[in-house]
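Numbered from 1 within each chain, the chains take letters A, B, ... in sequence-line order. Note that this is a predicted model, so its numbers are computed, not measured.
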2 protein chains.
Amino acid sequence: MAAKEVEKEQNAMPFPALDAKDMAILKLLQQNARITVREIAEQVHLSTTPVHERIRRMEETGVIKQYATLVDHAKVKKGLMVICYVSLKQHNRRAGARFIKDIQEMQEVIECYNISGEFDFMLKVVAENMDAYYDFHVNKLSQVDNMGHLQSVFVMGIIKQTHQLVH
Amino acid sequence: MAAKEVEKEQNAMPFPALDAKDMAILKLLQQNARITVREIAEQVHLSTTPVHERIRRMEETGVIKQYATLVDHAKVKKGLMVICYVSLKQHNRRAGARFIKDIQEMQEVIECYNISGEFDFMLKVVAENMDAYYDFHVNKLSQVDNMGHLQSVFVMGIIKQTHQLVH
DNA sequence: ACTGAAAGACACAGACT
DNA sequence: AGTCTGTGTCTTTCAGT
C-alpha cells in the first residue's frame with residue numbers, strides 16, 4: 001500500500017453513502033491499517049482494483065481520517081493518564097479561542113472536548129509520572145489565560161480502549 | 001510493509017530501552033502507519049534493514065500496540081459522543097469483574113477507565129444520535145448487574161484528538 | 001549493528017467487459 | 001462498477017562489513 005498520508009479538509013466534500021462493502025473494508029482497516037489490498041479483496045470478495053478505488057474515495061471524502069500507529073503508553077514513559085476538567089472565567093468568543101489555541105499547543109494534552117455540565121472542557125492528559133503531571137498542572141495548565149476552576153481525576157486502570165466504530 | 005497484524009501479549013516481554021532512532025521511527029509511524037520503510041530510513045538516516053529490524057522488535061515487545069485506521073465519527077453515523085460516569089453498588093472483586101465483562105461486550109463503549117473520585121468508572125460512548133444513546137442508556141447500561149449511579153456528560157465539540165505520545 | 005544487493009510480493013494504472 | 005494484466009516500487013532476506 002502507498003505511503004501517502006491522509007490529509008484532507010475533514011468536512012469539505014460531500015460523500016456518497018457507504019455501502020456494506022465499504023463498511024467491511026473499513027472494519028478490516030480499523031483493526032489493521034497495514035493489511036494489504038489483496039487481503040482485503042479476498043475477504044470482501046472483490047478484486048484489488050475496486051477495493052483500491054473504494055479506499056481512495058474514503059480517504060478523499062474524509063471518512064478515513066488517519067492511518068495511525070498506537071503505542072503503549074507505559075513503554076514510552078507516559079504511564080500516567082489524567083482526566084482534567086476546566087472552566088473558564090469568561091465565556092466570550094475571544095477567551096474561548098485563546099484557550100483552544102493554548103491547549104492545542106500542549107503536548108501533554110492528547111484530547112480535549114467541549115462538554116455540557118458545570119465545566120466547560122474535559123482534557124485527557126498523559127505524563128510520565130505524578131511529578132511530571134504536577135509540574136504540568138501548576139506551571140502550564142493553571143497559567144493559561146482566563147483559567148477558572150480545574151479538577152483532576154486520575155485514571156487508575158484501563159478497562160477498554162478501542163477505535164472500532166464500524167462493526 | 002507487511003500485512004501482519006500486531007497481536008502480542010502486552011506486558012509479556014521485557015524490552016530494551018528505546019533510543020533516539022527508535023523514537024524517531026515511532027514518531028513517524030504514529031503520524032502515518034502506512035509510511036514506507038524506505039521513507040523512514042531516509043528521514044532517520046539509516047538503510048531499510050535496521051529500520052525494519054527496529055520496527056519488528058517494537059512490535060514484538062509491545063511498544064507498538066496496533067496499526068489502526070481512524071475513521072470520521074460523523075461519517076459512519078456515530079456523531080454523538082457521551083462521557084458516562086458509573087458507580088457500582090457493591091465493590092467486591094466478583095461484581096467488578098462482571099461489570100468489566102459486560103462493558104467490554106458493548107460496542108457503543110469505545111473506552112472505559114477505572115478512575116479516582118466519587119465514581120468508579122468513566123466510559124466514552126458513541127451513538128448515532130440522541131435516540132440511540134437514550135436506548136443504550138436505558139435498555140443496556142442501566143440494566144447491567146450491580147449498577148449504582150449513572151451520569152452522562154455530552155460532548156458538544158471536539159477541540160483536540162491525537163494519539164501522539166512520542167514527540 | 002549496519003550496508004547493499006537481490007528476490008518475491010505488492011500497489012497502482014491501463015485496457016477492457 | 002467490476003475483472004484481468006503489466007510495470008515499477010516496495011518489503012524482506014541474506015551475505016558481507
Handout entry: Verdict with supporting geometry, A:Val63 and A:Asp22, side chain to side chain contact (heavy atoms under 4.5 Å, CB included)
Key = CA-CA 10 Å; A:Val63 175; A:Asp22 288 322; over 6 Å; no
Practice task
Round to a whole Å and report the spacing from NE2 of A:His52 to P of D:dC10.
Solution key: 13 Å
Fill in the blank from the handout: Sorted by chain and number, sequence neighbours left out, salt bridge (Lys or Arg N to Asp or Glu O under 4.0 Å) with B:Asp120 holds for none
Fill in the blank from the handout: Closest to the side chain of B:Pro50, out of D:dG2, C:dC2, C:dA11, is C:dC2
Exercise for the section: Can you pull out how bent the helix from C:dA1-D:dT17 to C:dT17-D:dA1 is, comparing the axes over its first five and last five pairs, to 10°? Expected result: 20°
Fill in the blank from the handout: Looking only at heavy atoms, the pair that brings B:Leu46 and B:Lys21 closest together is CD1-CD, 3.5 Å
Fill in the blank from the handout: Rounded to whole Å, OH of A:Tyr67 lies from C1' of C:dA11 at a distance of 13 Å
Completion exercise
For B:Met147, the side chain to side chain contact (heavy atoms under 4.5 Å, CB included) test, sequence neighbours excluded, returns B:Val86, B:Phe99, B:Leu141, B:Val144, B:Leu150
Practice task
Check the pair A:Gln107 / B:Gln164 against side-chain hydrogen bond (donor to acceptor under 3.5 Å, both in side chains), numbers first and verdict last.
Solution key: CA-CA 8 Å; A:Gln107 298 185 348; B:Gln164 190 100 0; over 6 Å; no
Handout entry: Gap between atoms CD1 and P, on A:Ile55 and C:dC10 respectively (whole Å)
Key = 14 Å
Sub-3.5 Å pairs of nitrogen or oxygen atoms, protein against nucleotides 4-6 of chain C:
from  : atom 1 : to      : atom 2 : distance (Å)
C:dG4 : O6     : B:Thr49 : OG1    : 2.5

Exercise for the section: Kindly give the cluster partners of A:Leu70, where membership spreads through any ILVMFWY side chain lying under 4.5 Å from a current member. Expected result: none
Handout entry: Atom-pair distance (CD1 on B:Ile25; P on C:dA1), nearest Å
Key = 13 Å
Problem - Neighbour count above 12 (heavy atom, 6.0 Å) for A:Lys27 NZ - result: no
Exercise for the section: Could you tell me the separation between the CD atom of B:Glu42 and the P atom of C:dT3, rounded to a whole number of Å? Expected result: 13 Å
Practice task
Measure from CG on B:Asn32 to P on D:dC10 and round the result to the nearest Å.
Solution key: 14 Å
Practice task
Check for a donor-acceptor pair, side chain of A:Gln161 on one end and backbone N or O of B:Ile110 on the other, with a separation under 3.5 Å.
Solution key: no
Exercise for the section: Among residues two or more places apart or on two chains, list those pairs meeting salt bridge (Lys or Arg N to Asp or Glu O under 4.0 Å) that have a residue in residues 134-157 of chain B. Expected result: B:Glu108-B:Lys140
Practice task
May I ask you to say what A:Arg54 touches in the nucleic acid, namely base, sugar-phosphate or nothing, with a heavy-atom cut-off under 4.0 Å?
Solution key: sugar-phosphate
Handout entry: A:Asp19 CG - D:dG2 C1' separation (whole Å)
Key = 13 Å
Handout entry: Nearest-Å distance for atom pair CD/P, residues A:Glu53 and C:dA11
Key = 15 Å
